[in-house]
Protein chains: 2
Amino acid sequence: MRLTEAEWQIMNALWEGWPATAREIADRLPDSVNWAYTTIKTMLTRLAEKEAVEETKRGNVGIYEPILTRQNARRNALKSLANQAFDGAFGPLMHFLLEDQNLSDRQREQLLEALQQREKGGEQ
Amino acid sequence: MRLTEAEWQIMNALWEGWPATAREIADRLPDSVNWAYTTIKTMLTRLAEKEAVEETKRGNVGIYEPILTRQNARRNALKSLANQAFDGAFGPLMHFLLEDQNLSDRQREQLLEALQQREKGGEQ
DNA sequence: GCAATGCTACTACAAATGTAGAACCCGTCA
DNA sequence: TGACGGGTTCTACATTTGTAGTAGCATTGC
């Protein structure tokens, strides 16, 4: 399951809470995303076709919930990226993240935090 | 600069060594990629339009070399992914990589290696 | 009973992507 | 000198993606 950029927006909104109506999803989209309501419906229909979400009806109003989990979507995306750009392996990807000099300080901080959390987790 | 999946194939081949002709690039593509020669030429032309590669001529034969570096391409790809799928931050992305239980043993190994290399690097 | 609201389904359409065919040009070898 | 091999450019076309318009069907407030 490959999500497009626009689909990520919708799924991100849906993962915030479900079941949800198209209207609710619309309200949750970031301000930078200014789609017509029908655009959102179209995306949801396509996502339902791809079986990333399930659509049910309450009356004639569509209710949506994710089938694809955020975790799986993330996993798939990372796998694709690793395949395309890092010879299919996570090691080099990780290595790149750690070594790349052009990360901002903030980003380096975040990496360190993640590493530390991992260490903590490992000790329990 | 956003590369599509097919474009990654071409760029990966080009990054293996340049300047290179379309024929050389074709020969370097993995067996799984079985494109007509003209397909490769089309991709190269499009990549030149996007200024990801530069095309020069020796006689009437096109010679290609990357303008976009592998490092930058990787950086861009990771940034996009972080934006779409991890609230724009590398920390959560990294955290996910470390914590995700569904990584294979091999993948976990690779992560560990990457971590260890980082430690070594830090000590020098 | 009818108009405004709000939802739905269906259709549309441009741009990007994947993939390639056709036709043309040039050097070379018989 | 003419056919072959290999390169080139241009054109083509289906599919996917981004984005939305339109028209039709309930609900409701007068």
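None of the values given here were measured: they were computed from a predicted structure. Numbered from 1 within each chain, the chains take letters A, B, ... in sequence-line order.
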For D/dG7, does OP1 or OP2 lie under 4.0 Å from any side-chain N or O of B/K41?
no
In a check of side-chain contact (heavy atoms from CB on, under 4.5 Å) between A/I10 and each of A/V53, A/L44, A/V33, which one passes?
A/L44
Counting distance only, does the side-chain N/O of B/N72 pair as donor-acceptor with the main-chain N or O of B/L68 below 3.5 Å?
no
Apart from B/I67 itself, members of its ILVMFWY cluster (side-chain separation under 4.5 Å) are none
Would you find a donor on one side and an acceptor on the other, under 3.5 Å apart, between the side chain of B/R74 and the backbone of B/T69?
no
Name the residue closer to the 5' end of DNA chain D, choosing between A/R2 and A/N34 according to the nucleotide with the nearest heavy atom.
A/R2
Measure all distances between protein nitrogen or oxygen atoms and nitrogen or oxygen atoms of nucleotides 21-25 of chain D, and list the pairs falling under 3.5 Å.
from, atom 1, to, atom 2, distance (Å)
D/dG21, N7, A/T38, OG1, 3.2

One thing to verify: whether B/R46 and B/E7 come together as a salt bridge, which I'm taking to mean a side-chain N less than 4.0 angstrom from a carboxylate O.
no
Short of 4.0 Å, heavy atom to strand atom, which residues of residues 47-58 of chain A count as contacting DNA chain C?
A/E55, A/K57
Which is true for B/G59 with a 4.0 Å heavy-atom rule: it touches a base, it touches only sugar-phosphate, or it touches nothing?
nothing
Which comes earlier along DNA chain C counting from the 5' end, the contact point of A/I63 or that of A/R46, where each point is its nearest nucleotide?
A/I63
Quick check: closest heavy atoms across B/G62 and B/E55, and the distance to 0.1 Å?
CA-OE2, 4.0 Å
Stepwise side chain to side chain contact (heavy atoms under 4.5 Å, CB included) check, B/N76 with B/R2
CA-CA 7 Å; B/N76 294 341; B/R2 190 108 203 80; 5.7 Å; no
Please state whether the phosphate of D/dG7, meaning OP1 or OP2, lies under 4.0 angstrom from any side-chain nitrogen or oxygen of B/R23.
yes
Is the phosphate of D/dG18 approached by A/T4 (side-chain N or O, under 4.0 Å from OP1 or OP2)?
yes
Taking five pairs at each end, how big is the angle between the two axes of the helix from C/dG1-D/dC30 to C/dA30-D/dT1, to 10°?
30°
Between B/L78 and A/L93, is there a side-chain heavy-atom distance shorter than 4.5 Å?
yes
Greater than 12 external heavy atoms within 6.0 Å of A/E5's CD:
no
Indicate whether OP1 or OP2 belonging to D/dT8 is found under 4.0 Å from a side-chain N or O atom of B/Y37.
yes
List in chain and number order the residues that pass ring pair (Phe, Tyr, Trp, His ring centres under 6.0 Å) with A/W35, two or more places apart in sequence or in another chain; answer none if no residue qualifies.
none
A/F86 meets the ring pair (Phe, Tyr, Trp, His ring centres under 6.0 Å) criterion, sequence neighbours left out, with A/F96
A/E5, nearest nucleotide to its side chain (from C/dG18, D/dG18, C/dC7)
D/dG18
Quickly work out the A/I25 CD1 to C/dT8 P distance and round it to whole Å.
11 Å
Find the distance A/M43:CE to C/dA9:C1' and express it as a whole number of Å.
17 Å
Rounded to the Å, how far apart are A/I10 CD1 and D/dG18 P?
10 Å
